[in-house]
Amino acid sequence: MAIEMLYFAWVREGVGRGSERVDPPADVATVADLLDWLAADSPAHAQAFGDRAKLRAAVDQAFVPLDAGIAGAREVAIFPPVTGG
Amino acid sequence: MAIEMLYFAWVREGVGRGSERVDPPADVATVADLLDWLAADSPAHAQAFGDRAKLRAAVDQAFVPLDAGIAGAREVAIFPPVTGG
Amino acid sequence: MIRVTVQREPIDVAAALAAVEADGAGAIASFTGLVRADDGVSILELEHYPGMTEAALTALAEGAAARWDLLDVTIVHRVGPMRPGERVVFVATAARHRGAALEACASLIDRLKTEAPFWKREVTTEGSRWVEARGGDEDAAARWR
Amino acid sequence: MIRVTVQREPIDVAAALAAVEADGAGAIASFTGLVRADDGVSILELEHYPGMTEAALTALAEGAAARWDLLDVTIVHRVGPMRPGERVVFVATAARHRGAALEACASLIDRLKTEAPFWKREVTTEGSRWVEARGGDEDAAARWR
(Lines give C-alpha, C1' and ligand atoms only; values in the text may rest on other atoms or scores of the structure.)
Protein backbone atom coordinates (compact mmCIF):
# COMPACT_ATOMS: atom_id res chain seq x y z
CA MET A 1 0.00 0.00 0.00
CA ALA A 2 1.27 3.47 -0.84
CA ILE A 3 2.66 5.57 2.01
CA GLU A 4 2.84 9.34 2.07
CA MET A 5 6.32 10.29 3.32
CA LEU A 6 6.72 13.71 4.95
CA TYR A 7 10.03 15.38 5.80
CA PHE A 8 10.65 18.39 8.00
CA ALA A 9 13.47 20.79 8.82
CA TRP A 10 16.97 19.64 7.77
CA VAL A 11 15.64 16.21 6.80
CA ARG A 12 13.39 17.93 4.26
CA GLU A 13 16.33 20.00 3.01
CA GLY A 14 18.56 16.92 2.77
CA VAL A 15 16.02 14.77 0.94
CA GLY A 16 15.28 17.73 -1.30
CA ARG A 17 11.51 17.59 -0.94
CA GLY A 18 8.82 17.94 1.71
CA SER A 19 6.82 14.88 0.72
CA GLU A 20 6.74 11.93 -1.62
CA ARG A 21 4.48 8.95 -2.18
CA VAL A 22 6.28 5.59 -1.92
CA ASP A 23 5.24 1.97 -2.24
CA PRO A 24 7.67 -0.20 -0.29
CA PRO A 25 7.84 -4.00 -0.69
CA ALA A 26 6.25 -6.23 1.94
CA ASP A 27 9.51 -6.95 3.80
CA VAL A 28 9.80 -3.28 4.79
CA ALA A 29 8.18 -3.70 8.18
CA THR A 30 9.42 -0.83 10.37
CA VAL A 31 10.24 2.85 10.06
CA ALA A 32 13.94 1.93 10.16
CA ASP A 33 13.40 -0.55 7.30
CA LEU A 34 11.69 2.22 5.35
CA LEU A 35 14.68 4.52 5.86
CA ASP A 36 17.06 1.78 4.71
CA TRP A 37 14.96 1.05 1.66
CA LEU A 38 14.71 4.74 0.69
CA ALA A 39 18.44 5.27 1.30
CA ALA A 40 19.44 2.31 -0.87
CA ASP A 41 18.54 4.01 -4.14
CA SER A 42 19.16 7.67 -3.33
CA PRO A 43 22.36 9.34 -2.10
CA ALA A 44 20.27 12.32 -0.91
CA HIS A 45 18.08 10.09 1.25
CA ALA A 46 21.11 8.12 2.42
CA GLN A 47 22.83 11.31 3.54
CA ALA A 48 19.73 12.81 5.19
CA PHE A 49 19.08 9.55 7.06
CA GLY A 50 22.76 8.94 7.86
CA ASP A 51 22.71 9.63 11.60
CA ARG A 52 19.74 7.69 12.92
CA ALA A 53 20.28 9.00 16.46
CA LYS A 54 19.25 12.43 15.18
CA LEU A 55 16.06 11.25 13.50
CA ARG A 56 12.58 11.10 14.93
CA ALA A 57 9.43 9.72 13.31
CA ALA A 58 5.68 9.88 13.37
CA VAL A 59 3.34 7.27 11.92
CA ASP A 60 -0.10 8.61 11.07
CA GLN A 61 0.69 11.72 13.14
CA ALA A 62 1.73 9.92 16.32
CA PHE A 63 5.34 9.99 17.52
CA VAL A 64 6.93 6.51 17.35
CA PRO A 65 10.43 5.05 17.83
CA LEU A 66 12.27 4.11 14.65
CA ASP A 67 11.72 0.41 15.28
CA ALA A 68 7.94 0.87 15.21
CA GLY A 69 5.99 -1.10 12.64
CA ILE A 70 4.41 0.56 9.62
CA ALA A 71 1.73 -2.02 8.79
CA GLY A 72 -1.30 -0.12 7.55
CA ALA A 73 0.42 3.27 7.84
CA ARG A 74 -0.81 5.94 5.48
CA GLU A 75 1.54 8.73 6.51
CA VAL A 76 5.10 8.46 7.83
CA ALA A 77 7.01 11.60 8.79
CA ILE A 78 10.76 11.84 9.41
CA PHE A 79 12.30 14.82 11.15
CA PRO A 80 14.88 16.01 13.69
CA PRO A 81 14.03 16.26 17.40
CA VAL A 82 11.41 18.97 17.79
CA THR A 83 12.36 22.48 18.92
CA GLY A 84 9.15 24.46 19.34
CA GLY A 85 7.96 26.76 22.04
CA MET B 1 8.51 58.87 73.12
CA ALA B 2 5.26 59.15 71.19
CA ILE B 3 4.32 56.23 68.98
CA GLU B 4 1.99 56.41 65.99
CA MET B 5 -0.41 53.45 66.25
CA LEU B 6 -2.00 52.19 63.03
CA TYR B 7 -4.90 49.72 62.83
CA PHE B 8 -6.14 47.83 59.78
CA ALA B 9 -9.14 45.73 58.74
CA TRP B 10 -11.30 44.47 61.65
CA VAL B 11 -8.78 45.73 64.19
CA ARG B 12 -9.36 49.24 62.83
CA GLU B 13 -13.12 48.71 62.97
CA GLY B 14 -12.93 47.35 66.52
CA VAL B 15 -10.72 50.12 67.86
CA GLY B 16 -12.91 52.62 66.04
CA ARG B 17 -10.10 54.52 64.38
CA GLY B 18 -7.31 53.95 61.85
CA SER B 19 -4.56 55.64 63.81
CA GLU B 20 -3.78 57.34 67.08
CA ARG B 21 -0.72 58.86 68.74
CA VAL B 22 0.14 57.31 72.12
CA ASP B 23 2.84 57.87 74.70
CA PRO B 24 3.30 54.69 76.76
CA PRO B 25 5.23 54.58 80.04
CA ALA B 26 8.75 53.18 80.08
CA ASP B 27 7.73 49.71 81.34
CA VAL B 28 5.80 49.07 78.10
CA ALA B 29 8.63 47.23 76.38
CA THR B 30 7.03 44.98 73.72
CA VAL B 31 4.17 45.06 71.24
CA ALA B 32 2.24 42.76 73.58
CA ASP B 33 2.83 45.18 76.48
CA LEU B 34 1.54 47.99 74.30
CA LEU B 35 -1.64 46.04 73.55
CA ASP B 36 -2.16 45.35 77.27
CA TRP B 37 -1.59 48.99 78.14
CA LEU B 38 -4.01 50.22 75.46
CA ALA B 39 -6.63 47.62 76.45
CA ALA B 40 -6.50 48.54 80.13
CA ASP B 41 -8.29 51.85 79.69
CA SER B 42 -10.52 51.16 76.70
CA PRO B 43 -13.16 48.45 76.25
CA ALA B 44 -12.98 48.95 72.46
CA HIS B 45 -9.24 48.28 72.41
CA ALA B 46 -9.67 45.39 74.86
CA GLN B 47 -12.25 43.77 72.61
CA ALA B 48 -10.28 44.36 69.39
CA PHE B 49 -7.12 42.94 70.96
CA GLY B 50 -8.95 40.09 72.72
CA ASP B 51 -7.71 37.16 70.67
CA ARG B 52 -3.96 37.66 70.41
CA ALA B 53 -3.56 34.59 68.16
CA LYS B 54 -5.44 36.51 65.47
CA LEU B 55 -3.28 39.63 65.69
CA ARG B 56 -0.19 40.48 63.71
CA ALA B 57 2.08 43.49 64.06
CA ALA B 58 4.60 45.64 62.26
CA VAL B 59 7.11 47.96 63.92
CA ASP B 60 8.30 50.76 61.67
CA GLN B 61 6.84 48.90 58.69
CA ALA B 62 8.55 45.56 59.32
CA PHE B 63 6.55 42.49 60.38
CA VAL B 64 7.42 41.41 63.93
CA PRO B 65 6.09 38.87 66.44
CA LEU B 66 4.00 40.28 69.29
CA ASP B 67 6.83 39.77 71.77
CA ALA B 68 9.12 42.08 69.77
CA GLY B 69 10.51 45.11 71.54
CA ILE B 70 9.33 48.62 70.73
CA ALA B 71 12.31 50.63 71.97
CA GLY B 72 12.73 53.57 69.61
CA ALA B 73 9.72 52.62 67.52
CA ARG B 74 7.98 55.48 65.76
CA GLU B 75 5.15 53.51 64.13
CA VAL B 76 3.44 50.35 65.38
CA ALA B 77 0.70 48.71 63.31
CA ILE B 78 -1.75 46.07 64.53
CA PHE B 79 -3.82 44.01 62.09
CA PRO B 80 -5.18 40.55 61.27
CA PRO B 81 -3.15 38.06 59.19
CA VAL B 82 -2.77 39.50 55.69
CA THR B 83 -5.00 38.31 52.82
CA GLY B 84 -3.79 40.01 49.67
CA GLY B 85 -3.19 38.67 46.18
CA MET C 1 13.63 46.52 35.71
CA ILE C 2 11.46 46.38 38.81
CA ARG C 3 8.01 47.94 38.63
CA VAL C 4 5.76 47.93 41.68
CA THR C 5 2.42 49.70 41.70
CA VAL C 6 -0.41 49.81 44.24
CA GLN C 7 -3.39 51.55 42.71
CA ARG C 8 -7.13 52.10 43.00
CA GLU C 9 -7.55 52.13 39.20
CA PRO C 10 -8.24 48.95 37.20
CA ILE C 11 -5.10 47.02 36.21
CA ASP C 12 -4.13 47.32 32.54
CA VAL C 13 -2.54 43.94 31.86
CA ALA C 14 -1.84 44.61 28.19
CA ALA C 15 0.13 47.75 29.01
CA ALA C 16 2.01 46.03 31.83
CA LEU C 17 2.95 43.09 29.61
CA ALA C 18 3.98 45.35 26.75
CA ALA C 19 6.38 47.19 29.07
CA VAL C 20 7.93 43.87 30.11
CA GLU C 21 8.20 42.62 26.54
CA ALA C 22 9.99 45.78 25.50
CA ASP C 23 12.98 44.76 27.64
CA GLY C 24 14.06 42.00 25.26
CA ALA C 25 13.61 38.86 27.39
CA GLY C 26 13.03 35.44 25.85
CA ALA C 27 10.52 34.26 28.43
CA ILE C 28 7.75 36.04 30.28
CA ALA C 29 5.55 34.42 32.90
CA SER C 30 2.55 36.18 34.36
CA PHE C 31 -0.16 35.63 36.90
CA THR C 32 -3.46 37.48 37.16
CA GLY C 33 -5.71 37.12 40.18
CA LEU C 34 -9.33 38.11 39.62
CA VAL C 35 -12.41 38.48 41.76
CA ARG C 36 -14.16 35.18 41.10
CA ALA C 37 -17.62 35.48 39.63
CA ASP C 38 -18.98 32.34 41.28
CA ASP C 39 -18.74 33.04 45.01
CA GLY C 40 -21.81 35.19 45.55
CA VAL C 41 -19.54 38.16 46.23
CA SER C 42 -20.86 41.43 44.82
CA ILE C 43 -17.90 43.60 45.89
CA LEU C 44 -14.40 42.72 47.05
CA GLU C 45 -12.68 45.51 48.95
CA LEU C 46 -8.93 45.62 49.46
CA GLU C 47 -7.37 47.61 52.29
CA HIS C 48 -3.62 48.10 52.53
CA TYR C 49 -0.91 49.72 54.61
CA PRO C 50 0.33 52.66 52.52
CA GLY C 51 4.09 52.83 52.44
CA MET C 52 4.75 49.44 53.97
CA THR C 53 2.86 47.68 51.16
CA GLU C 54 4.98 49.23 48.43
CA ALA C 55 8.16 48.53 50.42
CA ALA C 56 7.18 44.90 51.02
CA LEU C 57 6.35 44.32 47.35
CA THR C 58 9.57 45.96 46.25
CA ALA C 59 11.57 43.78 48.64
CA LEU C 60 9.87 40.66 47.24
CA ALA C 61 10.55 41.80 43.66
CA GLU C 62 14.21 42.56 44.38
CA GLY C 63 14.67 39.22 46.12
CA ALA C 64 13.22 37.34 43.17
CA ALA C 65 15.21 39.34 40.62
CA ALA C 66 18.45 38.45 42.42
CA ARG C 67 17.61 34.80 43.05
CA TRP C 68 16.46 34.00 39.50
CA ASP C 69 18.54 36.52 37.52
CA LEU C 70 15.43 38.18 36.11
CA LEU C 71 15.37 40.99 33.59
CA ASP C 72 12.03 42.29 34.85
CA VAL C 73 9.64 41.98 37.73
CA THR C 74 6.28 43.72 37.58
CA ILE C 75 3.79 43.67 40.45
CA VAL C 76 0.55 45.62 40.19
CA HIS C 77 -1.91 45.30 43.07
CA ARG C 78 -5.25 46.98 43.16
CA VAL C 79 -6.82 48.41 46.34
CA GLY C 80 -10.29 49.74 47.12
CA PRO C 81 -13.59 48.23 45.98
CA MET C 82 -13.79 45.96 42.91
CA ARG C 83 -16.39 43.80 41.21
CA PRO C 84 -16.41 40.13 40.16
CA GLY C 85 -14.28 39.59 37.07
CA GLU C 86 -12.01 42.52 37.85
CA ARG C 87 -8.28 42.05 38.35
CA VAL C 88 -6.95 42.17 41.92
CA VAL C 89 -3.30 41.48 41.25
CA PHE C 90 -0.93 41.06 38.32
CA VAL C 91 2.60 39.67 38.53
CA ALA C 92 4.96 39.31 35.57
CA THR C 93 8.54 38.09 35.42
CA ALA C 94 10.94 38.11 32.50
CA ALA C 95 14.09 36.08 32.04
CA ARG C 96 16.27 34.67 29.31
CA HIS C 97 14.84 31.20 29.87
CA ARG C 98 11.43 29.94 30.87
CA GLY C 99 12.32 28.02 34.03
CA ALA C 100 13.46 31.12 35.89
CA ALA C 101 10.50 33.21 34.76
CA LEU C 102 7.92 30.54 35.68
CA GLU C 103 9.40 29.73 39.09
CA ALA C 104 9.88 33.35 40.04
CA CYS C 105 6.32 34.22 39.07
CA ALA C 106 4.87 31.38 41.17
CA SER C 107 7.10 32.33 44.09
CA LEU C 108 6.10 35.99 43.96
CA ILE C 109 2.36 35.39 44.05
CA ASP C 110 2.78 32.81 46.83
CA ARG C 111 4.90 35.14 48.97
CA LEU C 112 2.85 38.24 48.20
CA LYS C 113 -0.16 36.48 49.77
CA THR C 114 1.54 36.19 53.16
CA GLU C 115 4.19 38.93 53.16
CA ALA C 116 2.46 42.07 51.92
CA PRO C 117 0.00 44.00 54.09
CA PHE C 118 -3.33 43.73 52.29
CA TRP C 119 -6.69 42.76 53.76
CA LYS C 120 -9.73 41.61 51.81
CA ARG C 121 -13.34 42.22 52.71
CA GLU C 122 -16.12 40.50 50.80
CA VAL C 123 -19.55 42.06 50.40
CA THR C 124 -22.40 39.64 49.69
CA THR C 125 -26.18 39.94 49.81
CA GLU C 126 -25.93 38.77 53.46
CA GLY C 127 -23.55 41.51 54.52
CA SER C 128 -19.79 41.87 54.57
CA ARG C 129 -16.97 39.91 56.17
CA TRP C 130 -13.20 40.11 56.39
CA VAL C 131 -11.57 37.23 54.54
CA GLU C 132 -9.58 34.94 56.86
CA ALA C 133 -6.03 33.97 55.99
CA ARG C 134 -5.67 30.41 54.71
CA GLY C 135 -3.13 28.06 56.27
CA GLY C 136 -2.37 26.76 52.80
CA ASP C 137 -1.11 30.18 51.78
CA GLU C 138 1.51 30.10 54.53
CA ASP C 139 2.62 26.63 53.40
CA ALA C 140 2.85 27.80 49.78
CA ALA C 141 4.96 30.81 50.72
CA ALA C 142 7.24 28.72 52.94
CA ARG C 143 8.29 26.62 49.93
CA TRP C 144 10.26 29.57 48.59
CA ARG C 145 12.10 30.69 51.70
CA MET D 1 -12.67 26.05 27.19
CA ILE D 2 -9.74 24.80 25.12
CA ARG D 3 -8.37 27.11 22.44
CA VAL D 4 -5.49 25.95 20.25
CA THR D 5 -4.22 28.06 17.36
CA VAL D 6 -1.24 27.68 15.04
CA GLN D 7 -0.87 30.81 12.97
CA ARG D 8 1.49 32.82 10.79
CA GLU D 9 0.10 36.12 12.11
CA PRO D 10 1.54 37.87 15.18
CA ILE D 11 0.09 36.66 18.49
CA ASP D 12 -2.36 39.06 20.13
CA VAL D 13 -1.75 38.38 23.83
CA ALA D 14 -4.23 41.00 25.06
CA ALA D 15 -7.06 39.46 23.04
CA ALA D 16 -6.10 35.93 24.13
CA LEU D 17 -5.99 36.92 27.80
CA ALA D 18 -9.28 38.82 27.56
CA ALA D 19 -10.98 35.70 26.19
CA VAL D 20 -9.65 33.66 29.12
CA GLU D 21 -10.65 36.29 31.70
CA ALA D 22 -14.18 36.35 30.33
CA ASP D 23 -14.71 32.80 31.59
CA GLY D 24 -14.86 33.85 35.25
CA ALA D 25 -11.79 32.11 36.73
CA GLY D 26 -10.07 33.41 39.85
CA ALA D 27 -6.53 32.68 38.68
CA ILE D 28 -4.86 32.97 35.29
CA ALA D 29 -1.27 32.00 34.58
CA SER D 30 0.37 32.73 31.28
CA PHE D 31 3.66 32.22 29.53
CA THR D 32 4.95 34.11 26.51
CA GLY D 33 8.01 32.97 24.60
CA LEU D 34 9.68 35.62 22.48
CA VAL D 35 12.51 35.74 19.99
CA ARG D 36 15.35 37.01 22.15
CA ALA D 37 16.90 40.26 21.04
CA ASP D 38 20.38 39.47 22.32
CA ASP D 39 21.44 36.40 20.36
CA GLY D 40 22.52 37.94 17.07
CA VAL D 41 19.53 36.32 15.40
CA SER D 42 17.92 38.50 12.75
CA ILE D 43 15.11 36.09 11.84
CA LEU D 44 13.71 33.03 13.60
CA GLU D 45 11.74 30.73 11.34
CA LEU D 46 9.32 28.13 12.68
CA GLU D 47 8.34 25.10 10.61
CA HIS D 48 5.58 22.76 11.73
CA TYR D 49 3.71 19.61 10.76
CA PRO D 50 0.23 20.81 9.75
CA GLY D 51 -2.49 18.68 11.26
CA MET D 52 -0.27 16.79 13.68
CA THR D 53 0.80 20.00 15.41
CA GLU D 54 -2.75 21.09 16.18
CA ALA D 55 -3.65 17.56 17.31
CA ALA D 56 -0.60 17.35 19.58
CA LEU D 57 -1.30 20.74 21.17
CA THR D 58 -4.96 19.88 21.66
CA ALA D 59 -4.01 16.60 23.33
CA LEU D 60 -1.64 18.45 25.69
CA ALA D 61 -4.33 21.03 26.49
CA GLU D 62 -6.97 18.38 27.17
CA GLY D 63 -4.59 16.42 29.37
CA ALA D 64 -3.76 19.49 31.45
CA ALA D 65 -7.42 20.55 31.73
CA ALA D 66 -8.34 17.13 33.11
CA ARG D 67 -5.34 16.80 35.45
CA TRP D 68 -5.64 20.27 37.02
CA ASP D 69 -9.39 20.85 36.66
CA LEU D 70 -8.85 23.95 34.55
CA LEU D 71 -11.55 26.27 33.27
CA ASP D 72 -9.48 27.32 30.27
CA VAL D 73 -6.41 26.36 28.33
CA THR D 74 -5.18 28.59 25.52
CA ILE D 75 -2.20 27.73 23.32
CA VAL D 76 -1.23 30.01 20.45
CA HIS D 77 1.91 29.12 18.50
CA ARG D 78 3.25 31.16 15.66
CA VAL D 79 4.89 29.64 12.56
CA GLY D 80 6.84 31.16 9.68
CA PRO D 81 9.48 33.88 9.94
CA MET D 82 9.59 36.27 12.87
CA ARG D 83 11.90 38.97 14.20
CA PRO D 84 13.60 39.54 17.58
CA GLY D 85 11.10 40.70 20.17
CA GLU D 86 8.16 39.00 18.46
CA ARG D 87 6.11 36.37 20.26
CA VAL D 88 6.68 32.74 19.30
CA VAL D 89 4.29 31.06 21.70
CA PHE D 90 1.64 32.00 24.25
CA VAL D 91 0.11 29.65 26.82
CA ALA D 92 -2.57 30.61 29.32
CA THR D 93 -4.38 28.53 31.91
CA ALA D 94 -7.31 29.49 34.11
CA ALA D 95 -8.47 27.83 37.31
CA ARG D 96 -10.34 28.65 40.49
CA HIS D 97 -7.07 28.74 42.45
CA ARG D 98 -3.55 29.82 41.60
CA GLY D 99 -1.68 26.57 42.23
CA ALA D 100 -3.48 24.69 39.49
CA ALA D 101 -3.15 27.50 36.97
CA LEU D 102 0.57 28.03 37.64
CA GLU D 103 1.51 24.35 37.57
CA ALA D 104 -0.52 23.61 34.47
CA CYS D 105 0.99 26.56 32.61
CA ALA D 106 4.55 25.46 33.44
CA SER D 107 3.74 21.90 32.46
CA LEU D 108 2.23 22.92 29.13
CA ILE D 109 5.19 24.97 27.97
CA ASP D 110 7.62 22.26 29.11
CA ARG D 111 5.74 19.51 27.29
CA LEU D 112 5.00 21.58 24.22
CA LYS D 113 8.76 21.94 23.71
CA THR D 114 9.24 18.20 23.32
CA GLU D 115 5.85 16.86 22.25
CA ALA D 116 4.65 19.15 19.47
CA PRO D 117 6.19 19.02 15.99
CA PHE D 118 7.82 22.41 15.48
CA TRP D 119 11.33 23.13 14.25
CA LYS D 120 13.23 26.37 14.62
CA ARG D 121 15.76 27.81 12.22
CA GLU D 122 17.83 30.84 13.15
CA VAL D 123 19.10 33.29 10.57
CA THR D 124 22.14 35.35 11.59
CA THR D 125 24.60 37.47 9.67
CA GLU D 126 26.72 34.31 9.26
CA GLY D 127 23.95 32.27 7.65
CA SER D 128 21.20 30.06 8.97
CA ARG D 129 21.10 26.96 11.14
CA TRP D 130 18.51 24.59 12.53
CA VAL D 131 18.26 24.87 16.28
CA GLU D 132 19.24 21.65 18.06
CA ALA D 133 17.01 20.15 20.72
CA ARG D 134 18.27 20.65 24.28
CA GLY D 135 18.57 17.72 26.64
CA GLY D 136 17.29 19.95 29.42
CA ASP D 137 13.99 20.31 27.59
CA GLU D 138 13.44 16.57 27.68
CA ASP D 139 14.21 16.52 31.41
CA ALA D 140 11.79 19.40 32.01
CA ALA D 141 8.99 17.67 30.12
CA ALA D 142 9.61 14.36 31.90
CA ARG D 143 8.81 16.00 35.25
CA TRP D 144 5.14 16.18 34.26
CA ARG D 145 4.59 12.68 32.89
Side-chain angles (χ1 to χ4, degrees), chain C residues 10-18 20-39 41 44 71-72 84-113 134 136-137 139-141 143, chain D residues 10-18 20-39 41 44 71-72 84-113 134 136-137 139-141 143:
Chain C
I11 299 173
D12 184 342
V13 162
L17 272 178
V20 175
E21 290 190 6
D23 289 336
I28 297 170
S30 84
F31 177 82
T32 308
L34 303 108
V35 184
R36 278 205 302 274
D38 61 354
D39 279 357
V41 173
L44 183 73
L71 280 78
D72 286 89
E86 291 196 292
R87 301 170 189 125
V88 182
V89 61
F90 175 76
V91 173
T93 52
R96 283 181 57 81
H97 299 292
R98 71 186 184 285
L102 289 161
E103 265 193 39
C105 182
S107 124
L108 281 166
I109 187 66
D110 279 346
R111 295 191 60 172
L112 182 157
K113 292 229 168 211
R134 299 169 56 231
D137 284 340
D139 297 340
R143 286 192 299 149
Chain D
I11 298 172
D12 184 341
V13 162
L17 272 178
V20 174
E21 289 191 7
D23 288 336
I28 297 172
S30 85
F31 177 83
T32 308
L34 303 107
V35 184
R36 276 205 302 274
D38 61 353
D39 280 356
V41 173
L44 183 73
L71 280 77
D72 286 89
E86 291 196 293
R87 301 172 190 125
V88 181
V89 62
F90 174 77
V91 173
T93 52
R96 283 181 57 83
H97 298 292
R98 71 185 184 285
L102 289 161
E103 266 193 38
C105 182
S107 126
L108 281 166
I109 188 65
D110 278 346
R111 296 190 60 171
L112 181 158
K113 293 231 168 211
R134 300 169 57 228
D137 285 339
D139 297 340
R143 285 192 298 149

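Values below: every heavy atom of this structure, side chains too, minus hydrogens, waters and symmetry copies. Chain letters run A, B, ... following the sequence lines, proteins first, then strands; residues in each count from 1.
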Counting N and O atoms only, with roles assigned by atom type, does the side chain of C:R36 sit under 3.5 Å from a partner on the main chain of D:R96, one being a donor and the other an acceptor? yes
Can you tell me how far CD of D:E21 sits from CG of C:L34, rounded to the nearest 0.5 angstrom? 5.0 Å
Looking only at D:A25, D:A22, D:A18, D:G85, most heavy-atom pairs under 4.5 Å shared with chain C are made by D:A25
Flag the pair D:L17 / C:L17 as yes when at least one side-chain heavy-atom distance between them is below 4.5 Å, and no otherwise. yes
Should C:F31 and D:I28 count as side-chain neighbours, where that means a heavy-atom distance under 4.5 Å? no
Would you mind checking which part of D:A92 comes under 4.5 Å of any heavy atom in chain C, side chain (CB onward), backbone (N, CA, C, O), both or neither? neither
Between C:G24, C:A140, C:G26, the one whose heavy-atom pairs under 4.5 Å with chain D are most numerous: C:G26
Under 4.5 Å heavy-atom distance to chain C, tell me which part of D:A106 shows up: side chain, backbone, both or neither. both
Side chain, backbone, both or neither: which part of C:D110 has a heavy atom under 4.5 Å from chain D? both
Please determine, among D:A14, D:G99, D:A29, D:P84, the option with the most heavy-atom pairs under 4.5 Å with chain C. D:A29
When C:T93, C:V89, C:L102, C:V88 are compared by non-hydrogen pairs under 4.5 Å with chain D, the top option: C:L102
Please classify the contact of C:D137 with chain D as side chain, backbone, both or neither, using a heavy-atom distance under 4.5 Å. both
Check each atom of D:I109 against the heavy atoms of chain C and say whether the ones under 4.5 Å are side chain, backbone, both or neither. both
Looking at C:R98 and D:G33, would you say the former's side chain and the latter's main chain have a donor-acceptor pair under 3.5 Å? no
